[in-house]
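I have placed the structure first, in the form of structure tokens, so that the comments after it can refer back to it.
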There are 4 protein chains.
Amino acid sequence: MTQEVFLTRDERPLSEPAEAAGVGIRQRQKAARPGQIIEAAFAEFAEKGYAAARLEDVARRIGITKGTIYHYFPGKEDLFKAMVMAHLLPLIDGLKAIAGDEGTGGVTLLRLLLERAWHDMVGNEKSREFVRLLVGEASRVPELAQFFQRELTSRAEELIAAVIERGVATGEFHAEAAKRLAGFPDAIMAPAVMACFQAVLISGAGMPLPDIVAMKEAHLHLLLNGLLVRP
Amino acid sequence: MTQEVFLTRDERPLSEPAEAAGVGIRQRQKAARPGQIIEAAFAEFAEKGYAAARLEDVARRIGITKGTIYHYFPGKEDLFKAMVMAHLLPLIDGLKAIAGDEGTGGVTLLRLLLERAWHDMVGNEKSREFVRLLVGEASRVPELAQFFQRELTSRAEELIAAVIERGVATGEFHAEAAKRLAGFPDAIMAPAVMACFQAVLISGAGMPLPDIVAMKEAHLHLLLNGLLVRP
Amino acid sequence: MTQEVFLTRDERPLSEPAEAAGVGIRQRQKAARPGQIIEAAFAEFAEKGYAAARLEDVARRIGITKGTIYHYFPGKEDLFKAMVMAHLLPLIDGLKAIAGDEGTGGVTLLRLLLERAWHDMVGNEKSREFVRLLVGEASRVPELAQFFQRELTSRAEELIAAVIERGVATGEFHAEAAKRLAGFPDAIMAPAVMACFQAVLISGAGMPLPDIVAMKEAHLHLLLNGLLVRP
Amino acid sequence: MTQEVFLTRDERPLSEPAEAAGVGIRQRQKAARPGQIIEAAFAEFAEKGYAAARLEDVARRIGITKGTIYHYFPGKEDLFKAMVMAHLLPLIDGLKAIAGDEGTGGVTLLRLLLERAWHDMVGNEKSREFVRLLVGEASRVPELAQFFQRELTSRAEELIAAVIERGVATGEFHAEAAKRLAGFPDAIMAPAVMACFQAVLISGAGMPLPDIVAMKEAHLHLLLNGLLVRP
DNA sequence: CATGAATGAGGGTTCATTCAT
DNA sequence: CATGAATGAACCCTCATTCAT
């Protein structure tokens, strides 16, 4: 069982060939370009950071030249935004899917939520790098920061709140805990983010990753039971 | 009650040579320069990121010229490292202080630990920016990443493990929870890190900060009691 | 009779791509660029010396901008090396050509050798400046100094030795003189080098050049006959 | 017998302590400073060239600071000139001394002249470096180039002409050779200059120096007898 | 006299962006 | 569509020179 166990859903590469049937290879190439560029851009931005990434390196990664990028994106910053969007949208869709789940109990919903979070933020190398990139650079692009806050963060917070509420309604969760968490719902997700950074740091240092599944279980257990001995 | 309530300890600015008695203004200037420069560098690096920060802006911030920086630091990267170190050292000392506390119960120790973490990572604007900067850039300076991992992260993890162990020894904490957390001690600190990012994002978007003290309380309560209703 | 009488062979400028038929102007430009840049670089380096030469001036000389130079050369030092090589290679070829001459007598060969030396080191302004530049700067680029020593100096010394040997074999040269010169073959070429410096100094001072052909004749005569009256 | 055998005359260091008797050490220090600085400057200029030499390195060489140099010299260029002058003057004096020698025969005078030339240009490391420096940089300082031409070169040429004339007068030298050399007297000295460069290049490449005394003898022999077999 | 902190004018180098081909 | 030569605006870094101490 590898560390990439969380790849349970749509892991389509961004540069999908779009199953073009009768069109020539040139057509297919052309249609695939933006996705290829975004993918290469992600790799460079993640590795070097926005400012230090060079468009020439992005281009070379997929065997094109600098100029070609400008056929598809107006400039470096736009490419960055597009790349972030391309990665953000699936995450948002994931959240929407859960929100639609007229699931049963609070615990089940919570588990579903954590599953998604761990998948999206810790599940594989690219996810982790993306989170790191977002934290490091997004605040330099206010437009993105706002989109991120509006579409993902606040949506996630609402979802968490809803899940807790449901747990309280079904009698699973403690009402007082729910009230207390109202002002800090992200605390629920925090360990996943933490695991993300831990993994980035560790793999950056060339050390072996810890057991991610066990970490996820520890996370859930901590949320549900806390540390204290039941009286 | 402002957001800077956590400024309970030594918040001496990095500059200022402590005591300057009979020495001339030039002498005082000279002794204070490195600290001033580091402070200005922090501001620029935090605002623009390592690559986008300009030494000229760092200099202008304290009314000197670019060249002067080179009297005190060999170059941009060294300045960055020095700045990180200047911020990291106090955090390490903070951890050491707690480790020395032959405290009583696990809960008390845990509270102490959280207090420190929230102070150091969420307590004020600069702390938060520093954490963000570290996450965003440290991996580009492997030397720093390793120092960070060795001196701070692993030390913190040991401390957390010790605290939990003590809680188990005193009968406060659940043995099973302790065992489960052994592989993921950072989960304990995660909500503080999360709050840090949340605050950065929110203030970056120009919105008002939430009640940090309440968040800290919610954090502690969640850790201790979990979400579930006691059976 | 001008001073440039020695331009008897291929004095093609370094630029110009030889034949440019139907290709567009852009193509022709591109192919010619490295040569143009090297030529301009030579002029600047010769005039100001390596350290004081400015790439911007090199660029302006041929109507391009600083940045363009970096499309063709990795940096200032590489440009310098390339320029030296471009000038050195023809000289080496010249020596090889003579070495291939299965000439007749020692005197004839010696005359051939001197002809080349005077042409290559005194014959025209550029040659002279190049020698001066080499003497002044080569030692700062050990790589070049070694190449120069290995490919040109030692080759020339071997050639001189061979010429003298042949003169001895044919009975033209004095055996004792030959033996004595074995340890100092460069003495044979020395007057040409001297004339090079003299010309540089003199034209630098704005004075008229002496009669170079006469100097060359004096050189040959001195070598062959010496100063003493025959007994 | 080492290579420095030519050190037969006044090899006083430039920074002589001026045998001050009762004056304090401070006084002596002060009086010696300009000479020390010039000596250090020579070392740096010779090693790096004028443009690349740093005044700070000059200062450090003798344990003072940059600023002190400005107490004794108006600036970098003036220091360079002063250094060149300090080295040039003894050479000029050497020539004058020979010119005063109402010596006997032409051969004897010629030998005297060569002795000086080899001593001053090949005799030791510093002499050689100085010649190289002069060739490389002097033309960038027209003022110096003119002084050099007027005081040293032309004086040397006159001296050589006089020596040859005397040889002709005494019947030692061939009249035709004398006439021919009138337009190129430097040819006489050329091998010494050549040996200088050869030595610089060779020691720059870390190889062992050839036998300088033998080279000098070969030089003289070549001048007197030429290469041809006497008919 | 001597120091060395500070200045400020460059110069080498990089790279996003443009545009003729 | 794609190329890649060319531009030009920065930015890091160096260092001769100044001057308060």
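Lettering of chains follows the sequences in order, A, B, ..., and the numbering in each one begins at 1.
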Mark yes or no for a side-chain to base donor-acceptor pair under 3.5 Å between D:K76 and F:dT17, with no hydrogen or angle criteria applied. no

Taking the six-membered ring for Trp, are C:F80 and C:F45 parallel (under 30°), tilted (30 to 60°) or perpendicular (over 60°)? perpendicular

Tell me if the side-chain of C:K66 makes a donor-acceptor pair with the base of F:dT7, cut-off 3.5 Å, by modelled atom types. no

Nearest-Å distance, CD1 (B:I62) to C1' (E:dA6)? 12 Å

Should D:L79 and D:L55 count as side-chain neighbours, where that means a heavy-atom distance under 4.5 Å? yes

Can you tell me how far the CE atom of B:M83 sits from the CD atom of B:E44, to the nearest 0.5 Å? 12.0 Å

Heavy-atom nearest nucleotide on DNA chain F taken for C:G67 and for A:T65; more 5' hit belongs to A:T65

salt_bridge(C:R60, C:D57) N-O dist < 4.0 Å: yes

Base, sugar-phosphate, or nothing for B:A59, non-hydrogen atoms under 4.0 angstrom? nothing

Provide, to the nearest angstrom, the distance between the CZ atom belonging to C:R54 and the P atom belonging to E:dA9. 14 Å

Does CD belonging to C:E143 count more than 12 external heavy atoms closer than 6.0 Å? no

Would you sketch DNA chain E in dot-bracket for me? Only Watson-Crick or G-U wobble pairs with both distances under 3.5 Å count, crossing pairs as [ ], other-strand pairs as |, the rest as dots. .||||||||||||||||||||

How long is the line joining CZ of C:F80 and C1' of E:dT13, in whole Å? 19 Å

Pairwise side-chain contact, D:I37 with D:I64, heavy-atom cut-off 4.5 Å (strictly under): yes

Side chain of C:Y70 - closest among E:dT18, E:dT13, F:dA16: E:dT13

In this structure, how many angstroms lie between the P atom of F:dA16 and the CG atom of D:L79, rounded? 11 Å

Over how many whole Å does the gap from D:F73 atom CZ to F:dT18 atom C1' extend? 19 Å

Rounded to whole Å, how long is the line connecting atom CG of A:D57 with atom P of E:dC15? 8 Å

Charged N-O contact under 4.0 Å between A:K126 and A:E129: no

Any C:L133 side-chain heavy atom under 4.5 Å of C:V84 side chain: no

Does C:T68 make a side-chain N or O approach to OP1 or OP2 of F:dA5 shorter than 4.0 Å? no

Compare side-chain N and O positions of B:Y72 against OP1 and OP2 of E:dA6 and report whether any pair is under 4.0 Å apart. yes

Per the atom types in the model, does the base of E:dA5 pair as donor or acceptor with the side chain of B:H71 at under 3.5 Å? no

Report the distance from atom CD of C:E56 to atom P of F:dA6, rounded to the nearest whole Å. 17 Å

Let me know, please, whether B:I69 or A:P74 comes out on the 5' side of the other along DNA chain E by nearest nucleotide. B:I69

5' precedence on DNA chain F between C:I64 and B:A51 (nearest-nucleotide basis): C:I64

Whole-Å gap separating P (F:dT14) and CG (B:D78): 11 Å

